[in-house]
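Step one of this worksheet: look at the structure below.
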Amino acid sequence: MVSSVYIESEIRDHPRARKLLERLRNLPVVEIEHYGEVFNPRAQNFRLQKKNPAIIIARKNDGHVLAAPKGYGLGGKHNYYFSHMLNCIYDCRYCFLQGMYQSAHQILFINYEDFGERIKQLAARHQGETVWFYSGYDCDSLANEPMTEFTDYFIPLVASIDNAWMELRTKSTQVRSMLKLQPCERVVTAFSFTDPVSHSKLEHGVPSIAKRVDAMRRLIDAGWTIGLRFDPVVYHQDYQAAFVNLLDEIFTTVDPQKLHSVSLGSFRLTRDHFRKVARLYPEEPLFAQKMDLDNGIISYPQEREREMVEYCEAQLMKHIPHQTYHPCEWHG
Amino acid sequence: MLIWVAALHCEAKPVIDYYRLKKSHDDSAFDLYRGDDMLCIISGVGKIASAAACAWIAARYDHEASIAWINLGVAGSGQHAIGAAFSLNQVIDADSGQRHYPVSCTSSVLPGSACLTLSQPSEDYREDTLFDMEASGFMYSTLRFSSAELTQCIKIVSDNREHKTGKNRQQVSDLIHQNIETINQQANDLIALNNEVAGLAVTPESWQQLIALAHFSQTQKNRLRVLWRYLMNRDTSAETVLQKISGCSSAATIISTLELLSYQDSEGL
């Protein structure tokens, strides 16, 4: 439940801000100068704030589109990411966003046109080559869709740039707005899944697997391009059976031939993020499991990770064509 | 531990009476009232006095796992009726322009308001903000010791353009007393949040018992604290775990035994 709204004074009259304020009219509104004064102070407790985060309506002034971190993406040559929001409405215990910012409040940036300009510039710079733009790195691309109307702006934009591809990474079922748009094959909606046990224990507030599978089906039926992301695969004593159940649930509904791409990777966090999140949730079994530090990344011991990835890949390959598979490469 | 901070006795009196707090005779720097996991300190008027009182009491209770704070007092307003109560969502220091944002993590029973903290009393009221003389000093100080979610300011309007009751001590007490049930509700929500944070901490008693078992290096102590916090926040009693490590002869074996227990416990997520 959202507790309140902060809005930068300067953008109060922006049409998107006005629309958001109208939608959130029952909440207390606090005017601020810059989102950083609420979002950045150190004396904040992410865990407590996550119970009732506020929404911060802001303008992003720079760094609208950034180079994607190494290993992020589907193996393309030019990879960028952008975030029209910071933080997520869901509360997944394995997510690096828990350790990313001081605050659990959700920032909604409203100056889409500035993001759009940068996307156009970068696509033009790589004229004749495919350029990937990833959304959903610092947020869930679609979870706040009824409020943000993100797809209404960004999908037509990407559709109009011949060499641009966009991934919308989501755990949401908010696909209604996409179903009203003309499908674009260069927009890949990538649904993230963990097995049913991990989902029930670690993905707080995330729609059920069945509802997300149904959302995928509706998008496929409407002609949209879909991806699957099994990331992270989390270890627990029943992970093998649980992963098989997950695949069964997905592929009884989804035609694997209709998938653009599938990726899979085991749980990992940078050492700093891991320490921060483990301090926030000291009672969380995920952080009490046996882990190793490898090149600044905390993950399962090599043998366990290899066994998990090999098992899950083998099960996955029973369903999908090999060429759609992209393993998450993060070692070294 | 919840600490109430009020500038004047007349502002604190409704809280002291409601929670039956007893005056402490051990302290001389500030008047202090104690109760069950609750304190009320009388800071004196002004932001510096408020900041000093908060720092003093925080230092005295630094062994507490977590402290929640409420600055309770009266305020001036250009638009609200006498007796209206607010939970501050923005505190602005009139001298420095510095702004603080107390964070409400529960559905506040009180409406929110901004508040401008002045160094001198003023009747030049604004429509959109309350006036007080302590909140910015209180926030400046308490945010050194607790997070913004555990730091609240509750202000009752005592003065507006038509009426001035802020200098009448009995009327100030009465205005706060009229809101005491709502204030109590707000305090209970804050106490629940604070207990959640405090509950995750390692108790000093069990920690002392633990580190007395062997000689631990600082790195081993850090690892020990992580393991102990995990196990103590699961369905495991301190006695059971201490019994399992009672036969361990060194810090390393204690840690590896606790690691094994953690790994086993976390297998099922």
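Every chain is numbered from 1, with letters handed out A, B, ... down the list of sequences. Owing to the predicted nature of the structure, the values given are computational and were not obtained by experimental measurement.
- Taking the salt bridge (charged side-chain N to carboxylate O under 4.0 Å, His left out) definition, one finds that A:R304 meets it with B:E267, sequence neighbours left out.
- Proximity to chain B is absent for every atom of A:L27, based on heavy atoms less than 4.5 angstrom apart.
- Comparing A:L202, A:V197, A:N52, A:V234 by heavy-atom pairs within less than 4.5 Å of chain B, the highest count is held by A:N52.
- With sequence neighbours left out, the side chain to side chain donor-acceptor pair (under 3.5 Å) criterion links A:E31 to A:S9, A:R12.
- Side-chain atoms of A:Q98 and A:R93 form a donor-acceptor pair, as typed in the model, at a separation below 3.5 Å.
- Residue B:V226 does not touch chain A at all, counting heavy-atom pairs closer than 4.5 Å.
- When each of B:S146, B:A114, B:C105 is checked for heavy-atom pairs under 4.5 Å with chain A, B:C105 comes out on top.
- In terms of non-hydrogen atom pairs under 4.5 Å with chain B, the most contact-rich of A:H236, A:E37, A:K50 is A:E37.
- A:R59 forms no cation-pi arrangement with A:F109, by the criterion of a distance under 6.0 Å to the ring centre and an angle within 45° of the ring axis.
- For a residue to count as touching a neighbouring chain, one of its non-hydrogen atoms must lie under 4.5 Å from one of that chain's; by this rule A:S103 does not touch chain B.
- Ring geometry for B:Y101 against A:Y6 counts as perpendicular: the plane angle is over 60°, on a 0 to 90° scale with 30° as the lower cut.
- With a 4.5 Å cut-off on non-hydrogen atoms, A:N45 touches chain B through its backbone and its side chain both.
- Only the side chain of A:K201 comes within contact range of chain B, with at least one heavy atom under 4.5 Å from a heavy atom of that chain.
- No other option in B:D265, B:L227, B:L231, B:L193 has as many heavy-atom pairs under 4.5 Å with chain A as B:L193.
- Side-chain N/O atoms of B:Q98 and B:Y140 include no donor and acceptor closer than 3.5 Å.
- For the pair B:L224 and B:Q220, the minimum side-chain heavy-atom distance is 4.5 Å or more.
- Ranking B:S113, B:S104, B:G268, B:S262 against chain A, the residue ahead of the rest is B:G268, based on heavy-atom pairs under 4.5 Å.
- For the set A:R42, A:E33, A:R279, A:M1, the count of heavy-atom pairs under 4.5 angstrom toward chain B peaks at A:E33.
- Remark: aromatic rings of A:Y35 and A:H105 are distant, center separation not under 6.0 Å.
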